[in-house]
Amino acid sequence: MNDTAQKMREISEKLDKDADDLMFIKDSLEKSSQLTHNMVTILTSFENRLRQLEETILPVHKETVTLQKLQENIENTQAALDHVLNYHDAVRDLDAVIRDGPSGGKLEQYISHMGQIQDALEFFSENNPSSPELSKATQLFKTGKELLQNEFRNLFTRHCNPVPAIKILDMLGTDDELPDSASVTSLNQLPEQALEELSEISKWLIGPGKTHDFMDVYYQIRAQTLKKSMEGLKDHLSKKSSGSAAGSYSPLIVSTNTTLTPTSSISHPSPILNKTLMKGIGGLKDHLNRSTGSHSPLTSGRLHKSKDAPNKRTSTLLRPMARKGAANKLDPERRPSSQGVESQGHVDPAIESYLYCISGLLKLMQCEAQLMSHIIPEEHQRKTFDKIIEKPLEMVSQDGEAIATTAKRAVIKHDYTAILSIFPVLKHLINVKPEFEETLSGTAPGTRGKLPTLIASLETTGAKALDEFYDVVKNDPEKSNLPKDGTVHELTSNTLIFLENLLDYVETTSAMLMAQKDPAFAISNKGNDMENKKKRVANYVAKILGAVGLNLDQKSKSYSDQYLGVIFLLNNLNYILKSLQRSGLLSLVVHSKPDIERDYEEKIRIQKTEYSRSWSRVLQHVIDGSKPVAVNLDPSKMKDKERQQIKDRFKGFNQDFEDLFKTHKGYAVPDPQVREDLRRESKQMILQQYTMFRDRYVVTSFTKNPEKYIKYTPEQVSSQIDHFFDISA
């Protein structure tokens with residue numbers, strides 16, 4: 001019961017609480033309804049007021065918008081009028097400024113003013129073609145453009161001066177010390193400020209100015225400047241080379257009026273040429289301190305020429321030639337250690353000057369291309385460049401053709417010394433050809449073809465000369481003026497000197513030989529290219545040596561004295577071998593004939609053996625035959641016939657030995673080693689036999705006057721032999 005009462009009491013309490021909550025909710029709803037009603041009343045009132053405001057403001061707003069549009073139209077009209085007036089004002093206000101020109105450092109401002117005139121011109125042309133202002137603007141624009149062109153001409157003319165020859169040579173001389181870009185721009189032909197102004201003018205003229213006339217001005221001035229620069233260089237080199245005879249210019253000079261023998265001393269190469277042309281025009285990049293030619297063992301003895309021997313050359317077809325750097329050990333074509341550009345050796349002054357001109361023109365053209373890139377638009381550069389270099393390039397090309405023509409005439413006259421002038425030119429042209437091709441890239445075909453045409457002409461001339469030189473060496477007919485003492489024939493010395501010159505120009509000579517289309521020079525392209533070139537030249541040298549050998553053999557048979565002919569052949573063969581060994585030709589020829597040194601040594605040995613037979617007449621008197629004369633016989637038992645035989649043998653020995661001495665002391669053997677070998681072999685051949693013969697009969701009383709028959713002791717015979725080949729004995 002208690003639990004029930006308790007539960008009822010709890011339920012009653014909950015009902016009371018819920019009744020209170022319900023009452024609270026009812027009060028809240030009433031308040032909310034009242035608030036809602038109040039809000040609706042307020043909003044309704046606000047809406048009514050807004051409606052009244054809109055009805056009042058809307059007409060005012062519409063009127064304001066209309067006024068704003070009117071204001072905007074007025075402002076736009078005013079701006080348009082100002083814009084139009086600016087064009088009119090520009091023509092009027094800038095008239096004096098434009099007509100004064102851009103002088104006085106006001107170029108940038110002047111170009112800006114020209115822009116304003118251009119704008120006015122375009123406005124009147126588009127909007128009012130019949131306006132008198134259009135005519136004024138057109139005339140003023142034309143005047144301004146002409147003044148800008150005049151400023152371009154004046155500015156360009158003022159700063160474009162020929163490059164002094166010394167500056168060109170200095171630039172060439174420092175090529176290897178500067179990077180490529182520095183060497184090209186080292187001339188600084190225009191001040192930086194002038195270059196900037198010219199660039200600005202050219203941009204305006206080609207753009208707004210719509211004219212190319214300034215390009216004609218540019219190429220005319222630059223072409224004339226380049227031409228004068230080259231003429232100045234030629235004049236400078238000509239003056240210096242003309243003074244070189246007195247030693248004031250270059251020690252390269254080899255007088256063309258002097259006959260040089262194999263013993264002639266060789267001067268040092270020009271330091272300037274070594275420092276410029278050795279660069280390459282590759283330039284010339286290789287600076288050589290080349291060694292001079294030393295005296296050969298051949299020439300340390302007496303290179304005889306008998307008193308009545310002719311002083312002039314022995315052959316009208318082979319003039320004496322000077323070896324250009326004969327003993328040089330640093331030839332780039334033969335030394336892998338060289339740095340790309342081949343040395344030019346000793347060069348004639350005119351040829352040296354021409355080589356400088358080639359290098360100078362190349363560098364000047366490169367500078368022209370560099371300068372032009374700042375002023376002339378890229379699409380017009382090649383055409384303009386072509387016009388600039390036309391005359392200077394033609395001048396250098398004609399000089400080269402003149403060299404080739406001179407050489408051709410000399411070859412026709414069988415003067416093969418002149419062909420040596422082609423070698424340094426052709427060698428240098430081949431070296432600089434890649435740079436020329438790069439520099440002339442994009443020019444007209446005729447311009448690009450000048451250098452290849454010149455190279456081809458020189459190669460053809462050289463090829464013909466090399467071919468005819470072989471024929472002349474092989475068929476040299478002159479035998480009337482053989483050296484009377486059997487010394488080295490000028491045919492031999494001149495031929496070897498000519499061949500030694502080829503050492504400095506292996507690649508050049510190879511190119512010439514290729515032009516001959518001779519199967520002997522058609523070397524396979526397999527393997528190292530330089531080795532093929534060496535083999536091709538080696539084949540030619542071997543061919544020439546073979547022709548010399550045959551010619552000398554025929555000449556030796558022309559001597560009435562058989563053994564003088566032997567000495568002649570011995571001297572010449574020995575000279576050839578020593579020259580091959582001394583000059584470096586041997587290391588080249590072995591590419592064609594590996595055994596050539598041994599072959600010449602064998603030929604020399606054979607000639608020495610032939611010479612030893614000259615003693616046969618003397619030996620026959622002292623060598624006992626199958627019936628020897630009695631020895632140590634009692635004088636009382638010696639028959640008169642036996643005594644007479646002994647007398648005749650001593651007498652015959654004395655006579656034949658004296659005749660041999662008289663003849664052989666006049667023979668010339670220039671090589672001291674060969675001379676001593678012949679004397680030693682002669683002693684070995686005669687002294688032992690003579691000593692035995694003399695000792696056998698000196699103790700017999702075969703005569704009452706022994707001093708009449710026994711005239712020589714073995715020592716005296718030896719002493720006499722020591723004077724063989726000595727005309728002064």
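For Arg153, the CZ atom sits in a loose shell: 12 or fewer heavy atoms of surrounding residues, nucleotides or ligands are nearer than 6.0 Å. By the neighbour-count criterion of 12 heavy atoms within 6.0 Å, atom CD of Glu192 is sparsely surrounded, having that number or fewer from other residues, nucleotides or ligands. Heavy-atom neighbours of Arg409 CZ from other residues, nucleotides or ligands within 6.0 Å: at or below the threshold of 12.
Annotation: side chain of Cys160 is in contact with side chain of Leu190 (closest heavy-atom distance under 4.5 Å). Counting heavy atoms from C-beta outward, Ile455 and Lys433 have side chains that approach closer than 4.5 Å. Side-chain contact between Leu580 and Leu588 is absent, with no heavy-atom pair separated by less than 4.5 Å. Side chains of Asn539 and Leu513 form no contact here, defined as non-hydrogen atoms less than 4.5 Å apart. Looking at heavy atoms from C-beta onward, Tyr505 lies out of side-chain contact with Leu426 at the 4.5 angstrom threshold. Proximity of Leu503 to Ser583: side-chain heavy atoms (C-beta onward) are separated by under 4.5 Å at one or more points. By the 4.5 Å heavy-atom criterion applied to side chains, Glu401 and Leu454 are counted as neighbours. Using a 4.5 Å heavy-atom threshold, the side chains of Leu355 and Val425 count as touching.
Taking a cutoff of 4.0 Å between a charged side-chain nitrogen and a carboxylate oxygen, Asp399 and Lys234 qualify as a salt bridge. Here Glu531 does not pair with Lys535 in a salt bridge; the nearest charged N to carboxylate O distance is not below 4.0 Å.
Contact record, Phe214 with Ile375: CE1-O, 4.4 Å, taken as the closest heavy-atom pair.
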Check your understanding: Can Glu368 and Arg222 be said to form a salt bridge (Lys or Arg N to Asp or Glu O under 4.0 Å), step by step?
Key -> CA-CA 8 Å; Glu368 286 296 334; Arg222 290 310 304 168; 2.3 Å; yes
Practice item. Evaluate the side-chain contact (heavy atoms from CB on, under 4.5 Å) criterion for residues Lys363 and Glu435: first the C-alpha distance (whole Å), next the side-chain angles of each, then the deciding distance (0.1 Å), finally the verdict. Key: CA-CA 10 Å; Lys363 292 305 176 186; Glu435 283 191 79; 3.7 Å; yes
Exercise for review: Could you give me the CA-CA distance, side-chain angles and deciding distance for Tyr354 and His428, then say whether side-chain contact (heavy atoms from CB on, under 4.5 Å) is met?
Suggested key: CA-CA 10 Å; Tyr354 181 66; His428 187 55; over 6 Å; no
Review point. How far apart are the C-alpha atoms of Leu361 and Leu233, what are their side-chain angles, what is the distance that settles it, and do they pass the side-chain contact (heavy atoms from CB on, under 4.5 Å) test?
Key: CA-CA 10 Å; Leu361 176 60; Leu233 178 61; over 6 Å; no
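A distance-only check finds a donor-acceptor pair linking the side chain of Asn501 to the backbone of Ile497 [under 3.5 Å]. With hydrogens and angles disregarded, a donor-acceptor distance shorter than 3.5 Å links the side chain of Asn572 to the backbone of His489. The closest donor-acceptor contact from the side chain of Ser229 to the backbone of Val163 lies under 3.5 Å. For the pair Asp415 (side chain) and Val411 (backbone), a donor-acceptor distance under 3.5 Å is absent. Asp467 places no side-chain N or O within 3.5 Å of a backbone atom of Ala463 that could act as its donor or acceptor partner. At least one donor-acceptor pair closer than 3.5 Å links the side chain of Thr406 to the backbone N or O of Ala402. Between the Thr460 side chain and the Ala456 main chain, a donor and an acceptor come within less than 3.5 Å of each other. Put simply, the side chain of Thr443 gets close to the backbone of Leu440: a donor and an acceptor are under 3.5 Å apart. In this structure, the side chain of Ser592 does not engage the main chain of Val589 through any donor-acceptor pair within 3.5 Å.
Phe385 meets the ring-ring contact (aromatic ring centres under 6.0 Å, His included) test with no other residue; sequence neighbours excluded.
Checked by atom type, the side-chain pair Gln581/Glu597 shows a donor-acceptor distance below 3.5 Å. Looking only at atom types and distance, the side chain of Ser510 has a donor-acceptor partner in the side chain of Arg536 under 3.5 Å away.
The distance from atom OG1 of Thr495 to atom CG of Asn551, rounded to the nearest 0.5 Å, is 8.5 Å. The distance from the CD1 atom of Ile389 to the OH atom of Tyr219 is 13.5 Å, given to the nearest 0.5 Å.
For residues 384-397, the pairs satisfying side-chain hydrogen bond (donor to acceptor under 3.5 Å, both in side chains) are Asp386-Thr447, Glu394-Gln398, Glu394-Lys450, with sequence neighbours left out. Sorted by first then second residue, the salt bridge (Lys or Arg N to Asp or Glu O under 4.0 Å) pairs that include residues 456-465, not counting sequence neighbours, number zero.
The only option from Tyr540, Tyr470, Phe469 that meets the ring pair (Phe, Tyr, Trp, His ring centres under 6.0 Å) definition with Phe498 turns out to be Phe469.
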